[in-house]
Protein chains: 2
Amino acid sequence: MFSDLTDPILKSAAEMPLVPIDRQTSLGELAYASLKEAIVRGEFSAGQKLTVRAVAQALEVSTTPARDAIMRLIGEGALVNAGPKTVIVPPLTKTALDEVTAIRLVLEALAAKIAAANISPETIDKLKTLQSQINSALDAGNYSAALKANKAFHFLIYQTAKMPRLTTMIESLWVRIGPSLNDLYPEFATSRVGVSNHMEAIAGLESRDAARVQAAIEKDIRDGYRRLATRVE
Amino acid sequence: MFSDLTDPILKSAAEMPLVPIDRQTSLGELAYASLKEAIVRGEFSAGQKLTVRAVAQALEVSTTPARDAIMRLIGEGALVNAGPKTVIVPPLTKTALDEVTAIRLVLEALAAKIAAANISPETIDKLKTLQSQINSALDAGNYSAALKANKAFHFLIYQTAKMPRLTTMIESLWVRIGPSLNDLYPEFATSRVGVSNHMEAIAGLESRDAARVQAAIEKDIRDGYRRLATRVE
DNA sequence: ATTTGATATTTGATGCAACAAATTTGTTGC
DNA sequence: GCAACAAATTTGTTGCATCAAATATCAAAT
């Protein structure tokens, strides 16, 4: 015991089984997260103007972090510049919905396909838990909880693909439709069209059938599209 | 003559034959464009640290526009945060290249497919002009000109799809591999592997054969991938 | 009453100073 | 030499004042 105290426990810090903590707790980061959340929740009506000073005042920070957050959201398409000095939350036009859906189809299909090869039993358990959460949220009429669990369900699959850049890109697409999803209640709650697609996706993952998972996700996207399309234009 | 002076020349401004000018000439915008250009040209070695003040000084602006530019480029993945106070231009690892290529394949294939349905004879002429520019640039050994014309060729096709959000996403992927492309000279110049793919794409567009265009673009991406893959790791 | 023009207000952009955190450099002790 | 500690410097963040441009308000004229 203690036979060789000069021998270091670890040869370098890189060998420590720890993941670096990300200190992304700047006010700009918080403002970004907070504003994005509000947009996805549909707190702003489409076309509503956002000013730097108004956002700064609402978040109780100075103009700089507020401006950071707005510019960042413009960069990923969650907000748009509609004039020289006016940024608005973009209304979801039919054209935009068509384009976003076409991109979602290829991107989320890719993620789903690769996820099927990387799936673990633990992740499948979590997916089943999330699906039951969706069901009970719908039963309880808690629509926003159902939306949240639905998003968690999809992104748990996508994250399984271990393609972080892909996941980020998909996220930016969801932000653009997020606001409009809130208008779908209660139609979405009663129809429960997503449930069977999710069950099919889980079944495909369990049998590691990439094509089956991909088809289930694609159908889920198309079903959602049809509902959204009736609400725009 | 002058029979009815009370009649207005134009009923509304909307009837005037003018297109609105876009005033996107803020310093932040210019700094962003300039910095992105420099990154794609490979001016910075992979892993090189970028500081707000250094960029500000180089561009002869204050910290604010420089910070705007850096944050924006971080947002689209052209720069990455590698530590609490260090942003670097990310080295292209094999993993990153694999992921970006997989995404490019589905996204650019989608754009190419839709472009085939929207193509006009004028655009095909422009594509042929660009291809001849690529050839003569390669003949002259002007590699950076060849790269620039190659990019123009691809994006002229993608823009034909009339999906602006898709084009932006593809652009952000090109920025990530751009720096490494410069290391490929002169191998790329001598092999001229891209030429046949481009001719095939043009032929497919002329006959409006979406599958053929898509296949040509996919092959072009895969060929480029093989060359890049030998240089990373 | 509607339009035109001037005035006032709002707003994004920009620069800069102050601060805190992180890094680098220097120094001391062994 | 080298490890440990401390001082100095670098650096991102934040707030704010200022400016010019855009928008809104209002009055006068037709």
Side-chain angles (χ1 to χ4, degrees), chain A residues 5-14 20-35 44 47-75 78-89, chain B residues 4-16 18 20-35 44 47-75 78-89:
Chain A
L5 286 172
T6 63
D7 201 347
I9 314 278
L10 294 167
K11 299 206 185 78
S12 76
I21 59 173
D22 34 326
R23 299 260 210 85
Q24 294 289 11
T25 11
S26 68
L27 282 183
E29 199 74 23
L30 296 176
Y32 163 76
S34 182
L35 188 53
F44 304 102
Q48 182 170 349
K49 270 206 292 193
L50 287 189
T51 69
V52 171
R53 284 168 175 85
V55 171
Q57 194 173 352
L59 297 177
E60 293 182 339
V61 295
S62 86
T63 58
T64 310
R67 192 165 170 273
D68 285 351
I70 291 178
M71 289 191 67
R72 226 168 125 183
L73 288 166
I74 291 176
L79 295 174
V80 295
N81 248 306
K85 280 186 176 182
T86 41
V87 299
I88 63 172
V89 14
Chain B
D4 191 356
L5 286 170
T6 62
D7 200 348
I9 315 280
L10 293 166
K11 301 207 185 76
S12 78
E15 294 187 25
M16 272 198 271
L18 292 175
I21 57 175
D22 39 329
R23 303 257 213 82
Q24 293 289 9
T25 11
S26 69
L27 282 182
E29 200 74 23
L30 296 176
Y32 164 76
S34 182
L35 188 54
F44 305 101
Q48 181 171 348
K49 271 205 289 192
L50 286 188
T51 69
V52 171
R53 284 169 177 85
V55 171
Q57 193 174 351
L59 297 178
E60 293 182 338
V61 294
S62 84
T63 57
T64 311
R67 191 165 171 272
D68 285 351
I70 291 178
M71 289 191 67
R72 228 169 123 181
L73 288 165
I74 292 176
L79 295 174
V80 294
N81 249 305
K85 282 188 177 181
T86 42
V87 300
I88 63 171
V89 16

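A note on names: the letters A, B, ... follow the listed sequences, proteins ahead of strands, and every chain is numbered from 1.
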Legend entry - B:Arg72 CZ - C:dA13 C1' separation (whole Å): 14 Å

Inset, instruction - Using heavy atoms to find the nearest nucleotide of DNA chain D for A:Lys85 and A:Glu60 separately, return the residue whose nucleotide is more 5′. - result: A:Glu60

Inset, instruction - Please work out if B:Thr64 contacts a base, only the sugar-phosphate, or nothing of the nucleic acid, heavy-atom cut-off 4.0 Å. - result: base

Inset, instruction - May I ask you to verify if any side-chain N or O of A:Arg67 is less than 4.0 angstrom from the OP1 or OP2 atom of C:dG12? - result: no

Inset, instruction - Nearest whole angstrom, please: distance from the C1' of C:dG15 to the CG of B:Leu27. - result: 10 Å

Inset, instruction - Using Watson-Crick or G-U wobble pairs with both distances under 3.5 Å, give me DNA chain C in dot-bracket, 5' to 3', with [ ] for crossers and | for pairs to another strand. - result: ||||||||||||||||||||||||||||||

Can you name the atoms? Protein N/O to nucleotides 17-19 of chain C N/O, anything below 3.5 Å, with the distance.
none

Inset, instruction - Report the distance from atom CZ of B:Arg72 to atom CE of A:Met71, rounding to the nearest 0.5 Å. - result: 5.5 Å

Legend entry - CD1 on A:Ile88 to NZ on A:Lys49, rounded to 0.5 Å: 10.0 Å

Inset, instruction - Rounded to the nearest angstrom, tell me the gap between atom NZ in B:Lys49 and atom P in C:dT23. - result: 8 Å

Legend entry - Between C1' of D:dT13 and CG of A:Asp68, the distance in whole Å: 9 Å

Inset, instruction - Would you mind classifying the nucleic acid contact of A:Gly28 as base, sugar-phosphate or nothing, using non-hydrogen atoms under 4.0 angstrom? - result: sugar-phosphate

Legend entry - Separation of C:dG15 P from B:Leu30 CG (nearest whole Å): 11 Å

Inset, instruction - With side chain to side chain contact (heavy atoms under 4.5 Å, CB included) as the test, would you mind laying out the steps for B:Ile74 and B:Val87 before giving the verdict? - result: CA-CA 8 Å; B:Ile74 292 176; B:Val87 300; 3.5 Å; yes

Inset, instruction - Rounded to the nearest angstrom, tell me the gap between atom CD in A:Gln57 and atom C1' in D:dC16. - result: 15 Å

Legend entry - Pairwise distance CD(A:Gln48) to CG(A:Leu50) - rounded to 0.5 angstrom: 6.0 Å

Legend entry - Given C:dT23, C:dT11, D:dG12, the nucleotide with the shortest approach to the side chain of B:Pro84: C:dT23

Legend entry - Shortest non-hydrogen contact between A:Ala31 and A:Ala69, atoms and distance: C-CB, 3.7 Å

Legend entry - Pairs where residues 50-71 of chain A contributes a residue and the test side chain to side chain donor-acceptor pair (under 3.5 Å) is met, not counting sequence neighbours: A:Arg67-B:Asp68, A:Asp68-B:Arg67

Inset, instruction - Can you spot which of A:Val55, A:Leu59, A:Ile70, A:Leu27 makes a side chain to side chain contact (heavy atoms under 4.5 Å, CB included) with A:Pro65? - result: A:Leu27

Legend entry - Main-chain N/O of B:Leu30 paired with B:Ser34 side-chain donor or acceptor, under 3.5 Å: no

Inset, instruction - Please report, rounded to the nearest Å, how far the P atom of C:dG12 is from the CE atom of A:Met71. - result: 12 Å

Inset, instruction - Determine the contact category for B:Leu50: base if any of its heavy atoms lies under 4.0 Å from a base atom, sugar-phosphate if only primed atoms, P, OP1 or OP2 are that close, otherwise nothing. - result: sugar-phosphate

Legend entry - Working for side chain to side chain contact (heavy atoms under 4.5 Å, CB included), residues B:Phe44 and B:Leu35: CA-CA 10 Å; B:Phe44 305 101; B:Leu35 188 54; 4.0 Å; yes

Legend entry - Whole angstrom value for the distance that separates P of C:dA21 from CG of B:Asn81: 17 Å

